[in-house]
Undergrad: 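Dropping a structure here in structure tokens format, bear with me for questions.
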Amino acid sequence: METITSTDSTQILAENYIGRLGYFSRERVEIIPITYYFDPEHNSILSYSGQGNKIEAMRKNPLVSFQVDEITNLEKWKSVLIYGSFEELTGIDAKYMLHIFSEGVKKTIKTKEHSYPDFIQNFSSKAESSDTPIVYRINIDEITGRERS
């Protein structure tokens, strides 16, 4: 197992759109898959959610971790781990970043899978709820990567 560079780590983030978010909730750590977009301009992870336990927990304790893997097989894989902090976006910033998220994920899916999703509803069942989505970013404090090849 070898360490990969920061540049390689951010490339892995940019080439994917599903990762696992770790956060503290009710005195334990939860880990869940989320759809995301790596925003290189702000060196952050963008996502959104409906109101619920995940958002409430991150509002109480904004320290989070986030992991993305590319696994070919047991002998060939790459993994990126981020430590960062939750930031809830509001108003015009939230609308703008939700647009950036949507366009970024669509572009990533097009490049990676040669598929063409039309709407943000393709990314999450939360988008179908009547509630306004909560847009957030994970500000990256530290990033590490490992690989086996």
Undergrad: Counting distance only, does the side-chain N/O of N16 pair as donor-acceptor with the main-chain N or O of I18 below 3.5 Å?
TA: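 The answer is no, because no donor-acceptor pair under 3.5 Å joins these two groups.
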
Undergrad: Using a 4.5 Å cut-off on heavy atoms from C-beta on, say whether the side chain of V64 contacts that of F24.
TA: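 A side-chain contact under 4.5 Å is absent here.
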
Undergrad: Anything under 3.5 Å between a donor and an acceptor, one on a side chain of residues 133-149, the other on a protein residue two or more places apart or in another chain? List them.
TA:
residue, atom, partner, partner atom, Å
R137, NH1, E87, OE1, 3.4
N139, ND2, E87, OE1, 2.9
R146, NH1, T3, OG1, 3.2

Undergrad: Quick one: does M58's side chain get under 4.5 Å of L21's, heavy atoms only?
TA: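 The answer is yes, as the side chains (C-beta and beyond) meet within the 4.5 Å cut-off.
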
Undergrad: Could you tell me if the side chain of K54 sits less than 4.5 Å from the side chain of Y23, heavy atoms only?
TA: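 Yes - at least one pair of side-chain heavy atoms lies under 4.5 Å apart.
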
Undergrad: Between Q67 and S79, is there a side-chain donor-acceptor contact under 3.5 Å, judged purely by atom types and distance?
TA: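 Side-chain D/A pair, S79 to Q67: present.
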
Undergrad: Is any side-chain heavy atom of I45 closer than 4.5 Å to one of Y37?
TA: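 No - every pair of side-chain heavy atoms lies 4.5 Å or more apart.
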
Undergrad: Are the side chain of T111 and the backbone N or O of T108 linked by a donor-acceptor pair below 3.5 Å?
TA: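 It does not hold such a pair.
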
Undergrad: For residues F66 and L46: do they belong to one hydrophobic cluster (side chain heavy atoms under 4.5 Å, members Ile, Leu, Val, Met, Phe, Trp, Tyr)?
TA: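 In one cluster with F66: L46, no.
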
Undergrad: Show which residues join Y83 in its hydrophobic cluster (side-chain heavy-atom contacts under 4.5 Å, direct or indirect), or state none.
TA: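 Under the 4.5 Å side-chain rule, Y83 groups with L81.
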
Undergrad: Using 0.5 Å steps for rounding, measure from the CG atom of N43 to the OG1 atom of T10.
TA: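 Answer for the CG-OG1 pair, N43 versus T10, is 8.0 Å.
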
Undergrad: Just wondering, more than 12 heavy atoms not from H99 lying within 6.0 Å of its NE2?
TA: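 At most 12 heavy atoms, drawn from other residues, nucleotides or ligands, come within 6.0 Å of this atom.
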
Undergrad: For the residue pair Y36 and Y17, is the inter-centroid distance of their aromatic rings smaller than 6.0 Å?
TA: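 No, the ring of Y36 stays outside the 6.0 Å limit from the ring of Y17, centre to centre.
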
Undergrad: To the nearest 0.5 Å, tell me how far E70 CD sits from K76 NZ.
TA: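 Answer rounded to 0.5 Å: 10.0 Å.
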
Undergrad: Could you walk me through whether W77 and M1 pass the side-chain contact (heavy atoms from CB on, under 4.5 Å) check?
TA: CA-CA 9 Å; W77 53 264; M1 188 168 27; 3.4 Å; yes

Undergrad: Please determine whether residues V80 and I32 belong to a single hydrophobic cluster, defined as Ile, Leu, Val, Met, Phe, Trp and Tyr linked transitively by side-chain heavy-atom distances below 4.5 Å.
TA: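 Linked within one cluster.
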
Undergrad: Going by heavy atoms in the side chains, are K95 and L98 under 4.5 Å from each other?
TA: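 Answer no - side chains too far apart.
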
Undergrad: Could you verify whether a donor N or O on one side chain and an acceptor N or O on the other, from S25 and N53, lie under 3.5 Å apart?
TA: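 Yes, because at least one side-chain N or O of S25 sits under 3.5 Å from a partner of the opposite role on N53.
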
Undergrad: Any chain of hydrophobic side-chain contacts (each under 4.5 Å) joining F38 to I34?
TA: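 In one cluster with F38: I34, yes.
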
Undergrad: Could you measure the distance from the CZ atom of R26 to the NZ atom of K60? Nearest 0.5 Å is fine.
TA: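 R26 CZ to K60 NZ: 8.5 Å, rounded to 0.5 Å.
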
Undergrad: Out of curiosity, does F86 fall in the hydrophobic cluster containing L89 (side-chain heavy atoms, cut-off under 4.5 Å, transitive links)?
TA: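 Different hydrophobic clusters.
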
Undergrad: Sequence neighbours left out, what passes side-chain contact (heavy atoms from CB on, under 4.5 Å) with E41? Give chain and number order.
TA: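 Once residues adjacent in sequence are excluded, the partners of E41 under the side-chain contact (heavy atoms from CB on, under 4.5 Å) criterion are D39.
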
Undergrad: With a 4.5 Å cut-off on side-chain heavy-atom distances among I, L, V, M, F, W and Y, is there a chain of contacts connecting L13 to I4?
TA: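 L13 and I4: one cluster.
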
